Number of protein chains: 2
Amino acid sequence: MLHTSPPYPVHQETQVAEPKTLVEAAYRSLRRNIIEGRLSPGEKLRIEHIKNDYGVGGATLREALSLLTSDALVVSQGQRGFRVAPVSLEDLADITETRVMLECSALRHSIALGDDAWEAELTAAFHRLTRAEERLAEGNHREQWEERNRIFHEVLIAACPSRWTKHFLSILYHQAERYRHLSLRRSEGTRRLHDEHAALFEAAMARDADTATRLLGEHIRLTLQSVRLDNASTASH
Amino acid sequence: MLHTSPPYPVHQETQVAEPKTLVEAAYRSLRRNIIEGRLSPGEKLRIEHIKNDYGVGGATLREALSLLTSDALVVSQGQRGFRVAPVSLEDLADITETRVMLECSALRHSIALGDDAWEAELTAAFHRLTRAEERLAEGNHREQWEERNRIFHEVLIAACPSRWTKHFLSILYHQAERYRHLSLRRSEGTRRLHDEHAALFEAAMARDADTATRLLGEHIRLTLQSVRLDNASTASH
DNA sequence: TTTGAATCGTTTCTCGATATTTTTCTTGTG
DNA sequence: CACAAGAAAAATATCGAGAAACGATTCAAA
C-alpha cells in the first residue's frame, strides 16, 4: 500500500501514523501476527471465528484480509476463504535475491544523490542501531532492534528517488522479517552483525558505491543463510 | 464447469480464468476502467454513486477498491474515501526505470535458463504478435495487439524463476499500460515497433543476453518517450 | 473583509442478517 | 469393506441499514 507522503521527520520511531479506520487497525494487527509468527503458515483464517479476537465485523475483517493478500501474507482461493501464506526455502531465496537487486540499485542512487541532511539522518540511524545492538546481547530488546534495523536500511536508501523501488522493497522487507521470525534464530549469535552494519555505514558515508553495494548484498544474503526453517512449517500445501 | 489447472501452454489468450466472486468481478471491471482511461486521474469514487453501475453492494465495492489500492491504481486517504490515483511524468519515469531494471534482470535469467519449450512458446508468441502488428495499421485491432504485446513480454521472461520479480513487473506493466492509454498516442505511428520486437526476439533466441537486455531497455524507454501526457490529466492533486 | 464557531447535509465506515457455496457426516449399496 | 450419493452442518460472500466523520455553508464577532 502506498501512503501519502508523511510530514518532515520521516524516520522517527515515534511517528507511526495512527490507524484511522477499523479496517486499517485490523490490517496492522493481523500483519503483525503473521509476520511475528503467531499465525502459522498455511493456517486457515475463518472469519466467523477470529472476528471477535479483533473486535470487528465480518465485512471489515474480510477487507483487511483482502489487503493482506496484496502483500502476499495471506492467500485466498476463490470461494474457499483465506489462509496464512505458506512458506518455502525456495520462496525465501527468491525474496532474498530480488531484494538484493532492488536494494543495491537503490543504495547506488542514494549514495550518488544523498545530501548533508541524508548523511545526518544516516548517522543518527546508525547511532540508534548501534545502541540497540549493544542492548541486544542482554535482555529482551529484540523488538527495538528490529525497528531500528529496519529504519537504518530505510535511511540508507532514503535519497533514492524511486518510490516504486522503495515500495517493492518494503513488501520484501516484511516478507523477510517473517522468515526471520519463523526461523529458530540460533545462529544469529555467531554473526558479527554490528561489524557488517558498521562497514556498510562507513562505505556509504565515504560514497564508495561499489563497496557499499557489495557489503549490502553480502549482508542480506547472510541473513538468508542464518535462516533455517523448521521442517514443520515448510509444508507447502 | 470444472476446469483442472490450465494445461501446458500457459500463455493462451483464451484462458483468462473467470472471476469467481463478485469482489473479483468488480475489481477487474474497475481496473479496466481505470487503466483504459474511462475513469480520470484524481476523480473521486463515491461508493453510493457507482455501486449501481457495477451491480454490487457497498461493502463489496469497497473491498474491490481496497484491492486496487494495493496496485496503486486507487488511493485512499483515511476517512475521506477513494480516488483514482493521480498521474505525473515523474511517476511515469519512475515506473519506466524500475521496469527496465527488473525486466532486464529477468530477461537475463530467462535467456540463461530457457529450454526448448521456452523457445517454442516464444516463437509462437512472436508470431502472434507479428500478425497483430500487421493488422494494427488497418482497423480497430488495438485491443488484440495490446494483449499479444503483453504476452510476448511475459513469455520473454517466462523462464526466469523469480516469482517476485514477475509479480512486481506485472504491477508495473499495468501502470505503464494506463499511461499509454492516457497519452494522446499520436507519435506511435512513427515508431518501427515491429523492428524493435523482431530484433529483441532474434537476440533472445540467439541467447545473446547483452544485446537482448540492451534492446529491451531501449524498447521500454522508447515507450516512455512516445507518451506525452495531456496537460489536463497531469494535475497531481 | 477576514476569522472563527456552529450547524446541517452528504459520504464513509461498520455491523448483523441472509443467501449461496463448500465441507463434513451419514447412510445405503455393490 | 469400499464406495458413492445424499443430507446436514459449517463457512463464505453479499447486501441493506445505521452510526460516525467529514466538508460546506451560514452566521456572528473582530
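In what follows, every chain begins at residue 1, and chains take the letters A, B, ... in the order their sequences are listed. Remember, predicted model here, so these are calculated numbers, not experimental data.
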### Query
Under 6.0 Å from the CD atom of A:E119, do we count more than 12 heavy atoms belonging to anything else shown?
yes
### Query
5' to 3' on DNA chain D, which nucleotides open and close the contacts with chain A (atom under 4.0 Å from a heavy atom)?
D:dA11 to D:dT14
### Mutual orientation of the aromatic rings belonging to A:H153 and A:H219 [parallel < 30°, tilted 30-60°, perpendicular > 60°]
parallel
### Query
Under the 3.5 angstrom rule, does the side chain of A:S110 hit a backbone N or O of A:L156 as a donor-acceptor pair?
yes
### Query
Considering residues, nucleotides and ligands other than A:Q77, do more than 12 of their heavy atoms fall under 6.0 Å from its CD?
yes
### Message
Generate the contact string for nucleotides 13-19 of chain C. Rules: B means base contact, S means sugar-phosphate contact only, - means no protein heavy atom under 4.0 Å.
### Response
SBB----
### Task
Can you tell me which residue pairs pass the side chain to side chain donor-acceptor pair (under 3.5 Å) test with a partner in residues 34-50 of chain A, sequence neighbours excluded?
A:R32-A:E36, A:N33-A:R38, A:E36-A:R38
### Query
Taking the inter-plane angle between the rings of A:F126 and A:F152 on a 0 to 90° scale, is it parallel (under 30°), tilted (30 to 60°) or perpendicular (over 60°)?
tilted
### Message
Does A:R99 qualify as a cation-pi partner of B:F168, given the criterion of NZ or CZ under 6.0 Å from the six-membered ring centre and within 45 degrees of its axis?
### Response
no
